[in-house]
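Notes to accompany the following structure.
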Amino acid sequence: MTSVGKKRRTAAVDQGACVACGCCAKICPMQAIEIVRGVMAQVNPDKCVGCGKCARECPASVIEIWEVGA
Amino acid sequence: MKKRWYDYLWIVSLLYLLLGFFNILFTWLGLLCFFLPLIISVATGTKGYCNRYCGRGQLFGVLGGRFGLSRKKDIPGWMKHKAFRYGFLIFFLVMFLLMLWNTYLVFAGAQDLQQVVTLLWTFRLPWHWAYHGTLFHLGAAQFAFGFYGVMLTSTVLGLITMMLFKPRSWCVYCPMGTMTQLICKAKAGKQP
């Protein structure tokens, strides 16, 4: 796919503060988040579309949506 | 997304809380909520219980989400701080041990059965209507009263933070969640 110069958005987890409850993984429509070894959530940037559902759901509010270069 | 059988475990949690109003001895079943998360985390090194099977978390999610009882605001910074989470875990465990000590006193015959449920470690609510005698030792009934106090206290705290903050705010400082995450961290640390 060719880049059109648009910025895309992706979710980023503050892994030090994550409680690994799994709410984000459950709500993610792209199955882009997994809980790694019961310690923290990890976003797969290839699957994430930056919709922000996880950030709204996260009870600790430790997920942010960032813009990244296309 | 397709719902699985374990997505309905919030109904089990709700039934459990209701059963405690009718027969206190049912509250022994709540030990499952203590042992399963620990067994799963020790055996598999995951928080599979929190992630999939926790009916209590689902109940807060349903009430705060589908029923709209949550303000959906961010939890204050101090509540997600490690010092608070670990401090609450220690406080919770100490209170749990105190409850076990009271149970032991009844088992040992040093104390009479107290037909009360202690809410928020302070308020002693009369609960005699849910006691219809026991086939076992009176200590077994005392444990049921004490343990129901633990479960009801965590539910009330969870409901308050559900309303004030995000639906599953309880998951941030849940003592079982903190404990299983510590187990997972220890296990993950040992692996390359």
Side-chain angles (χ1 to χ4, degrees), chain A, chain B residues 1 3-4 6-7 37 40-54 56-58 60-61 64-65 70 72-77 79-82 84-85 158 161-162 165-174 176-191:
Chain A
M1 204 159 63
T2 51
S3 166
V4 288
K6 267 192 182 171
K7 294 226 167 165
R8 57 184 284 269
R9 285 143 57 91
T10 189
V13 182
D14 174 0
Q15 294 185 324
C18 175
V19 298
C21 62
C23 295
C24 51
K26 202 179 245 184
I27 198 128
C28 176
M30 306 303 290
Q31 283 89 51
I33 309 182
E34 66 168 331
I35 306 298
V36 183
R37 289 174 171 179
V39 178
M40 63 187 120
Q42 199 161 52
V43 179
N44 179 344
D46 295 331
K47 285 186 182 176
C48 179
V49 293
C51 69
K53 279 191 172 181
C54 54
R56 279 195 296 278
E57 188 76 5
C58 175
S61 303
V62 295
I63 305 181
E64 283 182 17
I65 304 298
W66 286 354
E67 283 197 339
V68 288
Chain B
M1 206 182 297
K3 293 252 187 197
R4 306 287 187 103
Y6 49 74
D7 291 319
I40 290 174
S41 63
V42 169
T44 68
T46 69
K47 284 191 41 158
Y49 188 83
C50 299
N51 301 165
R52 278 191 177 170
Y53 308 114
C54 180
R56 172 176 305 253
Q58 289 175 16
F60 295 138
S70 172
K72 298 187 180 167
K73 301 281 183 193
D74 288 347
I75 198 167
M79 282 187 90
K80 55 187 169 189
H81 202 280
K82 283 196 171 63
F84 176 72
R85 291 180 59 214
T161 49
M162 173 208 77
F165 313 116
K166 298 232 182 130
R168 288 186 65 159
S169 296
W170 167 253
C171 302
V172 177
Y173 61 99
C174 168
M176 290 313 298
T178 308
M179 214 170 351
T180 50
Q181 193 183 21
L182 282 173
I183 293 169
C184 290
K185 274 184 180 168
K187 283 194 72 123
K190 280 185 194 160
Q191 287 168 14

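Within every chain, numbering begins at 1; the chains are lettered A, B, ... in the order of the sequence lines, protein sequences first and strands thereafter. Only heavy atoms go into these numbers, but all of them, side chains included; no hydrogens, no water, no symmetry mates.
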Part of Cys23(A) lying under 4.5 Å from any heavy atom of chain B: side chain
Interface moiety of Ala41(A) toward chain B, non-hydrogen atoms closer than 4.5 Å: neither
Side-chain donor or acceptor of Asn51(B) paired with backbone N/O of Ala20(A) under 3.5 Å: yes
Per-residue contact mode, Gln31(A) against chain B (heavy atom under 4.5 angstrom): side chain
Over 12 foreign heavy atoms within 6.0 Å of CD, Glu64(A): no
Polar side-chain atom of Lys185(B) near backbone of Val39(A) as donor-acceptor pair, under 3.5 Å: no
Residue part contacting chain B, namely of Cys28(A), when any heavy atom lies under 4.5 Å: backbone
Side chain, backbone, both or neither of Lys82(B) within contact of chain A (heavy atoms, under 4.5 Å): side chain
Closest heavy-atom pair and its distance - Lys166(B), Ser61(A): NZ-OG, 3.1 Å
Side chain Asp74(B), main chain Ala60(A), donor-acceptor under 3.5 Å: no
Shortest non-hydrogen contact between Cys171(B) and Cys21(A), atoms and distance: CB-CB, 4.0 Å
Per-residue contact mode, Arg85(B) against chain A (heavy atom under 4.5 angstrom): side chain
Shortest non-hydrogen contact between Lys47(B) and Val19(A), atoms and distance: NZ-O, 2.8 Å
Gap between atom CD of Gln181(B) and atom CD1 of Ile35(A) - 0.5 Å precision: 9.5 Å
Atom of Lys26(A), atom of Arg168(B) and distance for their closest heavy-atom approach: NZ-NH1, 4.1 Å
For chain A, the option from Gly77(B), Gly45(B), Ser169(B) that forms the most heavy-atom pairs under 4.5 Å: Gly45(B)
